Amino acid sequence: MPFATLLVATWASAALMVLGATRLNVLDHPGHRSSHTRPTPKGGGLGIIAAFVVAVPIARHLDGLPVLSVATFGMIAATIVLAVVSWLDDVYQWRPAIKLAAQFAAAAILVGTGTRLSGVAGQAGDIILSVMWLVYVTNAVNFMDGLNGLASGAIMLACLVIACVAPSPAVALPALLLAAAIAGFIPFNFPSARIFMGDVGSQGCGVLIGAFGLMLADTPPAFGAWSSVPLLMSGLLYDVTLTLFRRWRAGARLTESHRDHLYQLAARGGMPPALVTLIHWGFVIWGGALTVAVVRGWCGPVPALLLVLPPQIMWTWQVLIRMRRARAGGA
């Protein structure tokens with residue numbers, strides 16, 4: 001079976017499973033943080049994760065690689081563990097501590113099977129940094145999954161770039177397959193939503209994009225690939241980091257649910273949600289251009305990380321101005 005056929009099969013199987021999930025009676029009911037106004041199914045991530053998990057061993061076989069290396073087994077096992085717990089949480093609404101424990105468990109599986117930093121801060125330090133990175137990225141994607149297509153589209157675009165620049169098929173193949181699986185979901189979610197990814201999708205995709213980042217960071221430093229995922233996911237990571245900092249400065253509880261993310265403020269300030277999503281996709285495209293520049297030696301990774309910030313700063317400025325105008329108009 002040609003690899004192109006596998007990509008089409010991954011896309012189609014994800015779409016069919018997402019369509020089936022729309023008939024499950026697991027609904028996201030609108031709350032004070034919600035951007036939707038009616039109960040909507042939230043099992044779309046099941047199709048994404050299931051299609052990905054099935055396709056990865058097949059892709060490795062087609063490429064002449066061992067069907068399941070230790071690292072690949074760890075990636076699949078970690079994704080399944082996190083997806084199962086996240087789906088049960090979608091159904092039963094467990095305490096946040098259980099979700100956090102599952103994130104650490106998934107991160108520990110990945111790190112324990114070889115997906116981790118090396119030569120950065122000593123063995124123990126590398127393990128700690130790798131686990132914290134995975135948990136932070138997983139939560140960042142989960143926090144940003146609040147507008148139709150925002151997180152899913154950002155990850156899909158990032159995976160396409162990763163597949164193009166990754167020096168190893170061990171990274172390129174799963175990235176391309178995850179992009180194909182998400183492509184099967186997006187038509188059901190953007191611009192209007194028949195279904196959401198739910199935690200099963202956002203956390204599963206989050207831990208995978210974090211794992212791709214660690215795998216790229218394990219390439220020779222001169223290649224500069226370690227900066228790829230921070231560049232590509234700059235919009236999501238910047239929003240989450242800035243929001244946590246602003247809430248900390250304001251004395252708010254960081255674990256409390258809120259509507260203070262920049263993308264939420266933009267939508268509350270009157271910006272069309274689809275436009276907010278497209279802007280975030282634009283951040284990924286800009287990060288992708290910088291990633292290509294880095295891996296081709298046109299720009300160093302540190303200057304690229306600095307160049308990725310101006311659009312974020314301009315976005316912050318625009319959102320805060322809109323919010324001030326909205327509050328002044330309401331007054």
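Source: prediction; values computed, not measured.
Relative orientation of the H280 and F283 rings is perpendicular, given thresholds of 30° and 60° on the angle between their planes.
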Would W226 and L216 count as a side chain to side chain contact (heavy atoms under 4.5 Å, CB included) if you check the C-alpha gap in whole Å, the side-chain angles of each, and the deciding distance to 0.1 Å?
CA-CA 5 Å; W226 61 267; L216 288 169; over 6 Å; no
How far apart are the C-alpha atoms of T291 and L232, what are their side-chain angles, what is the distance that settles it, and do they pass the side chain to side chain contact (heavy atoms under 4.5 Å, CB included) test?
CA-CA 7 Å; T291 297; L232 291 164; 3.8 Å; yes
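Side chain to side chain, T277 and N148 fail the donor-acceptor criterion of an N or O pair below 3.5 Å. Side-chain N/O atoms of T40 and R194 include no donor and acceptor closer than 3.5 Å. Under 3.5 Å, the side chains of T241 and Y136 contain a donor-acceptor pair of N or O atoms.
Under a 4.5 Å side-chain heavy-atom criterion applied to ILVMFWY residues, the cluster that includes I321 comprises W317 as well. Residue I109 is found in a hydrophobic cluster whose other members, listed by chain and number, are V81; membership requires side-chain heavy atoms under 4.5 Å apart, directly or through intermediates.
The side-chain heavy atoms of T22 and L19, taken from C-beta on, include a pair separated by under 4.5 Å. Two residues are said to be in side-chain contact when any heavy atoms from C-beta on lie closer than 4.5 Å; V229 and L237 fail this criterion. The shortest distance between side-chain heavy atoms of T115 and M75 does not fall below 4.5 Å.
Under the side-chain contact (heavy atoms from CB on, under 4.5 Å) rule, L150 has a single partner from I279, L236, D145, which is L236.
A donor-acceptor pair under 3.5 Å links the side-chain atoms of S130 to the main chain of L117, judged by distance alone. Not one N or O on the side chain of N142 forms a donor-acceptor pair closer than 3.5 Å with the backbone of S202. When atom types are taken as modelled, the side chain of D239 and the backbone of Y263 share a donor-acceptor pair closer than 3.5 angstrom.
Note: the hydrophobic cluster containing W315 also contains L275 (ILVMFWY, side chain heavy atoms under 4.5 Å, direct or indirect links).
By the side-chain contact (heavy atoms from CB on, under 4.5 Å) test, V200 pairs with L46, A83, S86, W87, D90, sequence neighbours left out.
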